[in-house]
Amino acid sequence: MRLSTLLAPTLREDPNDAEIDSHRLMLRAGLVRKLAGASGIYTLLPLGQRVVAHVEAIIREEMDSIGGQELRLPVVQPAELWEASGRWSVYGEDMWRLHDRHGRAYCLGPTHEEVITDLVAHEIHSWRQLPLLLYQIQTKYRDEVRPRFGLMRAREFIMKDGYSFHASEEDLERTYADVVGAYRRIFSRVGLEYRTVLADPGAIGGSQTHEFMAPADAGEAEIVSCAECDYAADIEEAEVAPRSRSEASVPMAIGRIATPNARTIEEVAEHLSTEPGSIAKLLLVRLLFADGRTECVAVLLAGDATLNENKLLAVAGAISLRPVTVQEAERLHLPLGFLGPVDLPPGIALYADPEVAEGGPWVVGANVEGYHLNNVWGGRDFVPDRVLPLRRAQAGDRCPQCGGRLSAQRGIEVGHVFRLGTKYSCVLGANFLDQEGQTRPMTMGCYGIGVTRTVAAVIEQHHDRDGIIWPASVAPYHAVLLPVGTGSFGSRAQQVAEELSVQLAKRGISAVIDDRDERPGVKFKDADLLGFPVRITLGKALEHESAELRLRKDGIVQMVPLTAVADVVSAQIQEATAVPIA
RNA sequence: CGGGGCGUAGCGCAGUUUGGCAGCGCGCGUGCCUUGGGCGCACGAGGUCGCCGGUUCAAAUCCGGCCGCCCCGACCA
C-alpha cells in the first residue's frame with residue numbers, strides 16, 4: 001500500500017472537541033471521523049477499519065476455539081419481541097425506537113438477547129442439541145444520555161455478543177469458564193493490560209458477574225484491586241471490612257467543644273489539630289421508595305470514608321436518594337455542618353457503619369450550631385438502629401480475600417460476562433425436552449466485548465507524546481517503509497521500498513510505503529503519529545546497502561543489510577505478536 | 001435533564017465588550033528553492049460569520065427564538 005493514495009488524513013493540530021488521548025489520536029492519525037451533526041456517531045476510515053478488523057479476527061479465533069459459532073442478527077427488531085421480554089418499557093430512553101410506514105414500532109438493537117432467544121426457541125427442542133454457543137460481531141445502537149470520549153461511549157458502536165444455551169446450571173458453568181478463558185486470551189493478544197473484576201449484574205439479571213477492565217485514567221469506572229492476590233472489584237461492589245483503629249482503654253467523659261465556622265470534616269480536623277479519621281460524620285439523606293414514599297435517615301461514617309449509595313439503597317430497599325435540603329434540616333432543628341449521632345430527634349433512623357458503631361473516642365457534631373462533641377463512644381453515647389457496611393471501598397483498605405492492601409484505579413469496561421439463568425428463555429419460550437421427556441427452560445449465559453471501545457482502550461494504554469504505539473497484533477500495518485532522498489538516490493530508495501514491501505508480504509508482514517512527496521521530517525512525524533510497530537528508513541544507510549530499522553515502542557534503532565531486512569522485521573513482528581496470556 | 005463552554009475558510013483560532021471593508025496560522029493550488037524530524041520565498045483559490053426573525057442608514061458584533069457540538073453532573077446489560 002502506498003501512503004500517497006491511502007485515505008489517512010492526519011492532523012497537525014489537536015482537534016478542539018477531543019478531550020482524551022484515544023479520541024484525540026484517533027482523529028489526528030486519521031482513523032476515524034465524526035459524522036457532522038451526529039454526536040457519538042463515527043466513520044471508521046481505512047486505518048481504523050483495519051485495526052477493528054484485526055481485533056475482530058482475534059475475537060473470532062478465540063471464540064471459535066471454544067466452539068462458538070458466528071452468526072449475524074437483525075439490527076431492526078420488532079417491539080413485540082421486547083414487549084414479550086418486558087424490556088420495551090424497562091429499557092427506556094437508551095433505546096433507539098422507530099416506526100415503519102404502517103406505524104408498527106421497532107427499535108435498533110441495543111443488544112440481542114431477545115432476538116437470539118427467539119431464534120433458539122424456534123430451532124432447538126432437545127437436550128441433544130445443547131449446549132450451544134453463538135456469537136455475533138455487529139453494530140449496536142444505544143441512544144446514550146451523553147455520548148462522550150469518541151469511540152469510548154458512542155451511540156453507534158461495534159460489539160461482540162455471545163450467547164450460550166444449556167440444559168443445566170452446571171453446563172453453563174463450563175461454558176462460562178471457557179468464555180472467561182477465551183476473553184483472557186483475546187485481551188492479552190490485543191495488547192491490553194486488564195483486570196477481571198467482580199461486578200454488579202445490573203438490570204440484565206443473574207448472579208455474580210465478571211467485568212474485564214482495562215486500567216486507564218480516562219476510564220469511566222473505578223475499581224479496587226489487590227497487589228498480592230487476584231482480587232479485584234468494581235469500587236461500588238467491593239466488600240469492605242472495618243479498619244483497625246487504636247482505642248483508648250479507658251473511655252473518658254463526653255465533652256462539648258466550640259468549633260465556630262468548622263463545618264466540613266477538613267475544617268473540624270484542622271481546628272482540633274486531629275485527623276479526619278478520628279471524626280465521625282453524620283449524613284442526612286432522604287430515601288425515595290418505589291411506592292413514592294420517602295424517609296429521612298441518618299448515616300454515620302468515619303470522617304475519611306465515603307458513603308456507598310448503592311449499598312444504602314440496597315439495604316433500605318429504596319430506589320434513589322438525595323441529601324436533605326437546607327429547609328428539611330431546619331425543620332428538624334438540625335444544623336448542617338454540626339450533625340452528630342448523639343440525641344438525634346426521634347423518627348430519624350440511625351444507620352451506622354461498623355467502624356463507628358461501637359467504641360471510640362470519636363469527635364462528632366453536637367447538633368448545635370458551632371459545637372462538636374469529643375470522647376463520644378458508640379454503644380454508650382448513642383445506639384445505632386442498624387449497623388451495616390455502608391462505606392465505599394477505597395485505596396489502602398484491606399483485601400477481603402488475602403488481607404493485602406487494595407489500590408484504586410480507573411478502568412475502561414471492555415468486556416462483561418453474565419449468567420442469565422432462565423430469565424429470557426422462560427418468557428420467550430426457549431424450552432427443551434430433557435432426557436426424562438420433561439419440558440424445561442434453557443439456562444443461558446451472555447458475553448459481551450465492546451470492540452470499538454477496546455480499540456480506544458488499546459490507544460489509551462499505548463501512546464506517547466508523538467502518537468499511537470500499536471501492539472503488532474492489531475496495528476493497521478506492521479511496518480512503514482520510508483524512502484527519503486532526492487534525485488536518483490530518491491528513486492533508488494523508492495525502488496528498494498517496493499522490493500522490500502513484496503519480500504515482507506511473502507512473510508505475512510503488511511507494510512505501507514510512504515511515497516508521498518514530503519520532506520523527511522513530515523514522514524517521520526506521521527510515522528510516529530500513526531504508530532506502526534516498525535519503521536524501515538531507506539536513506540543514508542542505502543550507501544552501505546543497509547536500511548535503518550526503528551521500533552516504535554522503544555525507539556531502538558539498528559542498521560540491517562537490505563538482504564536481511566525482511567527476515568529481521570519478520571522476526572521482530574513474530575516476537576511482538578507472541579504475547580504471554582495473562 | 002441540570003450546570004458550564006463553544007459555533008467565523010478544510011483544521012486550529014482572533015475579531016463580538018464599544019455595530020462601520022471578514023482576518024491570522026496551518027492546510028490547499030501554482031512557481032522557485034530546500035531535502036534525515038511538521039524548510040524558505042512569491043503569487044493564488046477558498047466564507048450563507050450555525051439557522052430564523054427583529055432593531056438599525058449599517059449586524060459576525062445588539063435583541064428574541066431555535067439548532068448543533070464539547071465538558072461536568074445525573075444516568076449507564
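Lettering follows sequence order; numbering is per chain, from 1.
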Least distance between heavy atoms, A/W470 atom then A/A475 atom: CB-CB, 3.5 Å
Closest to the A/D17 side chain, choosing from B/G37, B/C70, B/G36: B/C70
Step-by-step side chain to side chain contact (heavy atoms under 4.5 Å, CB included) determination, A/L44 to A/L31: CA-CA 6 Å; A/L44 279 173; A/L31 302 176; over 6 Å; no
First of A/D94 and A/V484 reached from the 5' end of RNA chain B, by closest nucleotide: A/V484
Between B/G5 and B/A9 - P atom distance, rounded Å: 22 Å
Short side-chain N/O contact from A/S39 to OP1 or OP2 of B/C70, under 4.0 Å: yes
Nearest-nucleotide comparison on RNA chain B, the residue closer to the 5′ end among A/F157 and A/K525: A/K525
Quiz item: A/E518 side-chain donor-acceptor pair to B/G38 base, under 3.5 Å: no
For atom CG of A/D517 and atom P of B/C28, their distance in whole Å: 11 Å
Length of the line joining A/R24:CZ and B/G12:C1', which is rounded to integer Å: 14 Å
A/L27 CG - B/G27 P separation (whole Å): 19 Å
Side-chain donor/acceptor of A/R87 to base of B/A77, under 3.5 Å: no
Any A/R148 side-chain N or O less than 4.0 Å from OP1/OP2 of B/C72: yes
Phosphate OP1/OP2 of B/C11 contacted by A/N16 side-chain N/O (<4.0 Å): no
B/G50 to B/G68 separation - P atoms, rounded to the nearest Å: 16 Å
Sugar-phosphate, base or nothing in reach of A/A541, heavy atoms under 4.0 Å: base
Interatomic distance at P, B/C13 relative to B/U18, whole Å: 25 Å
Nucleotide nearest A/R519 when distance is taken to its side chain, options B/G38, B/C70, B/C39: B/C39
Sugar-phosphate, base or nothing in reach of A/P9, heavy atoms under 4.0 Å: nothing
Same-atom distance (C1') from B/C1 to B/A60, integer angstrom: 31 Å
Sugar-phosphate only, base, or nothing, as touched by A/K523 at under 4.0 Å among non-hydrogen atoms: nothing
Spacing between A/I41 atom CD1 and B/C70 atom P, to the nearest angstrom: 11 Å
Whole-Å C1' distance, B/C33 and B/C41: 8 Å
Selected nucleotide, minimal atom distance to A/T486 side chain, candidates B/U35, B/G38, B/G37: B/U35
Paired nucleotide for B/G23 [Watson-Crick or G-U wobble; both distances under 3.5 Å]: B/C13
A/E413 CD - B/A77 C1' separation (whole Å): 8 Å
Spacing between A/D514 atom CG and B/G38 atom C1', to the nearest angstrom: 13 Å
Worked verdict on A/H210 versus A/F212 for ring pair (Phe, Tyr, Trp, His ring centres under 6.0 Å): CA-CA 7 Å; A/H210 291 93; A/F212 289 79; 7.5 Å; no
Touch class at under 4.0 angstrom, heavy-atom based, for A/M95 against every strand present: nothing
Side-chain N or O of A/R12 closer than 4.0 Å to phosphate OP1/OP2 of B/C26: no
Exceeds 12 heavy-atom contacts within 6.0 angstrom, atom CG of A/D217: no
Which nucleotide in B/G36, B/G38, B/G73 has an atom nearest any side-chain atom of A/R146: B/G73
Reference residue A/I412; test side-chain contact (heavy atoms from CB on, under 4.5 Å); the match among A/E220, A/R153, A/R453: A/R453
Sugar-phosphate, base or nothing in reach of A/F149, heavy atoms under 4.0 Å: sugar-phosphate
Touch class at under 4.0 angstrom, heavy-atom based, for A/G37 against every strand present: sugar-phosphate
Nearest-Å distance once atom P is located in both B/C24 and B/G46: 15 Å
Pairwise P distance, B/C71 and B/C49 [rounded to whole Å]: 28 Å
A/I468, A/V480, A/L530, A/D528 screened by side-chain contact (heavy atoms from CB on, under 4.5 Å) with A/R552, the one that passes: A/D528
Spacing between A/D143 atom CG and B/C75 atom C1', to the nearest angstrom: 13 Å
Check: A/D528 side chain, B/G37 base, donor-acceptor under 3.5 Å: yes
Gap in Å between the two C1' atoms, one belonging to B/G29 and one to B/G64, rounded: 44 Å
Between C1' of B/C76 and CD1 of A/I412, the distance in whole Å: 16 Å
Touch class at under 4.0 angstrom, heavy-atom based, for A/D161 against every strand present: base
Complement of B/C1, any strand, by Watson-Crick or G-U distances under 3.5 angstrom: B/G73
Side chain A/R28 and base B/G38 donor-acceptor under 3.5 Å: yes
Pairing partner of B/C62 (Watson-Crick or G-U wobble, both distances under 3.5 Å): B/G54
Identified side-chain hydrogen bond (donor to acceptor under 3.5 Å, both in side chains) counterpart of A/S22 within the set A/H462, A/H463, A/E460, A/Q461: A/E460
Sugar-phosphate only, base, or nothing, as touched by A/A36 at under 4.0 Å among non-hydrogen atoms: nothing
Side chain of A/L529 (C-beta onward), nearest among B/G12, B/G38, B/A77: B/G38
Pairwise side-chain contact, A/N308 with A/L312, heavy-atom cut-off 4.5 Å (strictly under): no
Base-pairing assignment for B/A42 (Watson-Crick or G-U wobble, both under 3.5 Å): B/U30
Residue A/T537, side-chain atoms from C-beta onward, closest of B/G36, B/C69, B/C76: B/G36
Aromatic plane relationship, A/F187 with A/Y194 - under 30° parallel, 30 to 60° tilted, over 60° perpendicular: tilted
